[in-house]
Amino acid sequence: MRFKKPGIWLFLLMCFVLIGSAVPAKTKLNFVFWLWAPEALEGWKKTFEGFMAENPDVEVNYISVPGATWGEYLDKVSTLIAGGEKPDVMWVATEGMLFLHRKNLMQPLDTYIERDKAELQEFFEDVAPALLEAMVLEGKTYALPYSWNNMVIWYNTKMFNDLGIAVPQEDWTKAEFVEISKKLTVDRNNDGKPDQYGFAVEPAYFAGTIPWLFVRGTSLLSEDLSKSNANDPKVIEVMQFLQDLIYKEKVAPTPGFGPTFNLFIAGQIGMFGAGRWPVVTFVQEGFSDCDIQYWPKWDQETPRITLFGVDGFPLLTTSQNPEEAWKLIKYMVRKDTQAKLIGTKEAPVGNIPARRSLAIGEEMSVFPPKNYKIFYESLVKFPAKPVPAPVAFTRVEEIWLRYVSAILANEMTPEEGCSKAHEEISKALGQ
Amino acid sequence: MSYSERVLRKKENVTGYLFILPTLIGFLSFVFGPMVAAVILSFFSWDLFTPPKFVGLGNYRALLGDEHLLSVYKNTLILVGGVVSLEIIGGLIVAVLIEQRILRSLKYFLRTTYFFPYVISATAVALVWHLLLNPDLGVVNYYLSKIGIDRINWLFSTQWARFSIILVETWKNIGFYIVIFLAGLQNIPRQLYEAAEVDGANRVQQFFYLTLPLLSPTTFFLIVVGLINAFQIFDMPYVLTRGGPGGATRTVVMYIYETGFRFFNMGYAATVSLSLFVFIAVLTFIQFRMSGRWVFYR
Amino acid sequence: MPQNTYRKRRLGLLWEIVSYFVLFFGALVILMPFAWMFSTSFGTAETAFSLPPRWIPNFFNTKSYRQLLEAVPFFRYMWNSFKVAALITVGQLVTCSTAAYAFARIRFRGRDPIFLLLLSSMMIPIQVTVIPLFILVRRVGLYNTHASLILPVVISAFGVFLLRQFFLTIPAELEEAARIDGASHFVIYFRIILPLSGPALSTLAVLCFLYFWNELFRPLIFINSIEKYTIPLGLVMLRGQYDVGSPTRTMAAVTLAIIPAVVIFILAQRYLVEGIAITGLKE
């Protein structure tokens, strides 16, 4: 048969090659993000589909990385990159910025921002300055804020009603906070053990101890994050206060009481501290007897300082396609994209959109808490500082939490715990 | 050797090596090679993002001055000692009880039941016990309070957290020990017991002077294997207590994992892992040496 | 004399009662967590921690299971675990049986020192090799793949040890007869040894499969994306942010996760138990 002639095959092969090269290959963007709960995946998929619909020549290859905290996620992503993966864009929060910066993994975005200034103007006007500044390192911008969270006190309105306690007001102090907690702690069956507690102390970094340090006017590290401040008397004072809540005032259960949100719903805990993320659990369980208030001031004189953590999408130096990656980054800060952060009844979201218009908008009122405007107002009404996260954040967090859990388990005095933590953290920062 | 014999011998050699080739290659690439690499790595400081830096004995010096590591070793020794002792003593007692004049089907049922947790993943086990041992809401403290024991702070106080790990590990693995002890017990001929009975020995004496010595090879095997395995316990503390509270249940293995994959200090992690290996090797060697004194082979 | 036997018999009875009590109490302690896990998986957020605990599950409340399966690709995890464990098991069966045969029946130079070396490698903790392995895997571009989990353990010193013990018990006369008929080692291995080794191979297969089905440490290091997760990783992830995961959902996940192990246990329990017993004995 004629087909046996090699010439024909060569001709066909050349045709295939020509046709193949004529079809433009899709640019692939590797996108890494934190999947803090499996339910969140759907929302991300829709966002990518929206982007790909507008940019048909780009394909988003998304890599979802789980973890219990931002710190864990950061560990896993670092391992991913260390393992040879070359993402173009990744989702990162304050906790990881310095680390990525020091390892030269992020590209400055200033030239891109300058170039597309007109397009981004309305975005910059719609975001609180504190959030934007948190993404600037050494004078260069490395990410645009996407979502964020701060720390507020959630309280169970039904429990307050039942016990006839007045809800906390904006300028409430620590003393009032303790008073309220005592009223909320009730031992109904008189067996010596409270059946409900006033407040749950969380042995956590962002979600437990740092907010208290901030309202006391101090912090775990020095302002420039280069030195430990753990042995500051104010820090010790705060830790003593937290320890006393559990063992002296007995208004808080010992850590490990159980899943805080579920117990809050069940009426066994009256107040707890968190950002907007409990909304996810509350919507899933159909619970809405709750509201929020600012973190209590330490006393009338000490000014309140808001703690927040913001996240965004830096452009990584490992990116092979920076132009397309920049398009994706711009897409993520668009109003319609960020609007998804409000969430839906089927897929609730626990972050706060970076855009003010969305964060205080009417759409948010569909979900608890009723007082949701407080979230954004805390950024502008009071001085706001991002969570202290040095380059060795993971290490520092691990050290601090180790001593915090020992203190809160009443196995160490705050003096001892804080001074030991100070030693270890200093060493970790010196490396 | 004649010519044909030599040819045959050569053929045997070649065939032999062909048969063990996959295992040999695998062993060299995935066990022996990495081990050598670990030694080399221990002389460097490497965070995987920036190029490795030669530090000579720096890691070793850091190892000797690492207080945190010292406390981690202490934790590990407590865990290991507790786990292995409980497993062996508990396993032996249960095996002896089962082996006695108990109905065959009952024996079978009991052996199967005790062995069951062994096949379940440590992760699954830890997740369940994490809830059961909850100090305020857990089932364990509930029943303990019924018999008058005060609330035990299982997973959140240093000593009880360690004890929790020891208990749950033992609970999970005891079946393994029971099964092996049972096999060992069944291997002891009945006549020996009958003879001892005739000589006037009671049950207790029979146990101490007959059963135990004859079981000593089995016991020795279980101690060696048990220790080697106990030093590598990772899943349980990782899931049950996350190394807490205050790092009280952080084992050497967890420390290695964190140093390497959370703090990205690969060189130091390799160094610590080598220290673990040396520790286990020396311990095993000591056991073998001491075995001459108490292990009795028939 | 009668006095003595009477007392002896009374003590004997007491002893038996105590033994039965201890044994059954122990068995209860062993089984209780599983019963609680199972019944809690059918509970709700309020009843999960109710005391006294509800032991009888309310089979109609499958909400936790539904929530779990909607939120988490659990069956994907199961498939991944199965894939990894099965491939490793097959690999080990092949490499260990061939090596064990050689160590048992072929006289080749260096056999005994190599075997001793292999045996002593059982003492090397995985932590020593895992760090260089990670670097190797990353260099070869196999990070975050199942291959990185499967390849390094396709061989096993323990497997070789176990099978060799067994092969040594096969009467040499069988082989000699075959040898006289001109059979090569490979033929002897394939036609004589393997068919006779059903029990030992089954034991190794079951032990191996279960071990890797349950493994957490290496997947924790080498696998990083949800689609490739194995069951232990999936379970760990359920603990949720700040440990606030739903207890009923977690228990549902654990129940599903252990079903395969339970099934294998029921079916192959004889091999498991007897195989382990043999390991202990031959030492």
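Reminder, nothing fancy here: chain letters follow the sequence lines and each chain counts from 1.
- For B/F234, the part lying under 4.5 angstrom from a heavy atom of chain C is the side chain only.
- Counting all heavy atoms, side chain and backbone alike, B/Y17 lies closest to C/R109 at OH-O, 2.7 Å.
- For C/F217 and B/Y238, the distance between ring centers is not under 6.0 angstrom.
- Contact of B/F32 with chain C is not made at all, since no heavy-atom distance falls under 4.5 Å.
- Only the side chain of B/L41 comes within contact range of chain C, with heavy atoms under 4.5 Å apart.
- With a 4.5 angstrom heavy-atom cutoff, B/F27 touches chain C via backbone and side-chain atoms both.
- Between chain C and the options B/Y257, B/F109, B/F176, the largest number of non-hydrogen pairs under 4.5 Å is found for B/Y257.
- Interface remark: C/A257 contributes no atoms to any contact with chain B (heavy atom separation under 4.5 Å).
- In this structure, chain C has no heavy atom under 4.5 Å from any part of B/F181.
- Chain C forms the most heavy-atom pairs under 4.5 Å with one residue out of B/V225, B/V39, B/L182, B/L131, and that residue is B/L131.
- Top candidate by heavy-atom pairs under 4.5 Å with chain B, chosen from C/L136, C/I231, C/I114, is C/I114.
- Of the possible donor and acceptor atoms, none in the side chain of B/D235 sits under 3.5 Å from a partner among the backbone N and O of C/E215.
- In terms of heavy-atom pairs under 4.5 Å with chain B, the best-connected choice from C/I258, C/L210, C/I124 is C/I124.
- Residue contact with chain B, scored on non-hydrogen atoms closer than 4.5 Å, involves the side chain of C/L31 exclusively.
- Proximity to chain B is limited to the side chain of C/M251, based on heavy atoms less than 4.5 angstrom apart.
- For the set C/V262, C/N214, C/T129, the entry with the most heavy-atom pairs within less than 4.5 Å of chain B is C/N214.
- Across B/A122, B/G90, B/A124, B/A37, the residue that shares the most heavy-atom pairs under 4.5 angstrom with chain C is B/A124.
- Both the backbone and the side chain of B/L127 come within less than 4.5 Å of a heavy atom of chain C.
- When all heavy atoms of C/V128 and B/A38 are compared, the pair lying nearest together is O-CB, 3.8 Å.
- Here the side chain of B/T23 pairs a donor or acceptor atom with the backbone of C/T95 at under 3.5 angstrom.
- C/F108 approaches B/E12 most closely through the heavy-atom pair CB-O, 3.9 Å.
- In this structure, the portion of C/I155 lying under 4.5 Å from any heavy atom of chain B is its side chain and not its backbone.
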Apply ring-ring contact (aromatic ring centres under 6.0 Å, His included) to the pair C/F34 and B/W171, showing each step before the final yes or no.
CA-CA 12 Å; C/F34 296 106; B/W171 173 91; 5.6 Å; yes
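- Using cut-offs of 30° and 60° on the angle between ring planes, the pair B/F115 and C/F265 is parallel.
- Contact of the B/L97 side chain with the C/V18 side chain is not registered, since no non-hydrogen atoms from C-beta on lie closer than 4.5 Å.
- Of the residues considered (C/T255, C/L233, C/L118), C/L118 shows the highest number of contacts with chain B, using heavy-atom pairs under 4.5 Å.
- Using bins of under 30°, 30° to 60° and over 60° for the plane-to-plane angle, the ring pair C/F186/B/F19 lands in the tilted bin.
- Other residues, nucleotides and ligands contribute only 12 or fewer heavy atoms inside 6.0 Å of the CZ atom of B/F285.
- The nearest pair of heavy atoms linking B/G16 to C/A102 is O-CB, 4.0 Å.
- If you measure heavy-atom distances from C/I126 to chain B, the contacts under 4.5 Å come from both the backbone and the side chain.
- Ranked by heavy-atom pairs shorter than 4.5 Å toward chain C, the options B/L222, B/V252, B/V128 are led by B/V128.
- Heavy atoms closer than 4.5 Å to chain B are found nowhere in C/R111, neither backbone nor side chain.
- Contact annotation for B/Y142: only side-chain heavy atoms (C-beta onward) come within less than 4.5 Å of a heavy atom of chain C.
- When each of C/V153, C/V29, C/V154 is scored by its heavy-atom pairs under 4.5 Å with chain B, the top score falls to C/V29.
- Between chain C and the options B/Y118, B/Y143, B/F231, heavy-atom pairs under 4.5 Å are most frequent for B/Y143.
- Note on C/I264, C/I131, C/L133: by heavy-atom pairs under 4.5 Å with chain B, the leading option is C/I131.
- For the pair C/W213 and B/S121, the minimum side-chain heavy-atom distance is 4.5 Å or more.
- Of all heavy-atom pairs between B/Y114 and C/V22, the closest is OH-O, 4.1 Å.
- Of the listed residues (B/L132, B/I280, B/V224), the greatest number of heavy-atom pairs within a distance under 4.5 Å of chain C belongs to B/L132.
- Proximity to chain C involves both the backbone and the side chain of B/L48, based on heavy atoms less than 4.5 angstrom apart.
- Both the backbone and the side chain of B/T112 come within less than 4.5 Å of a heavy atom of chain C.
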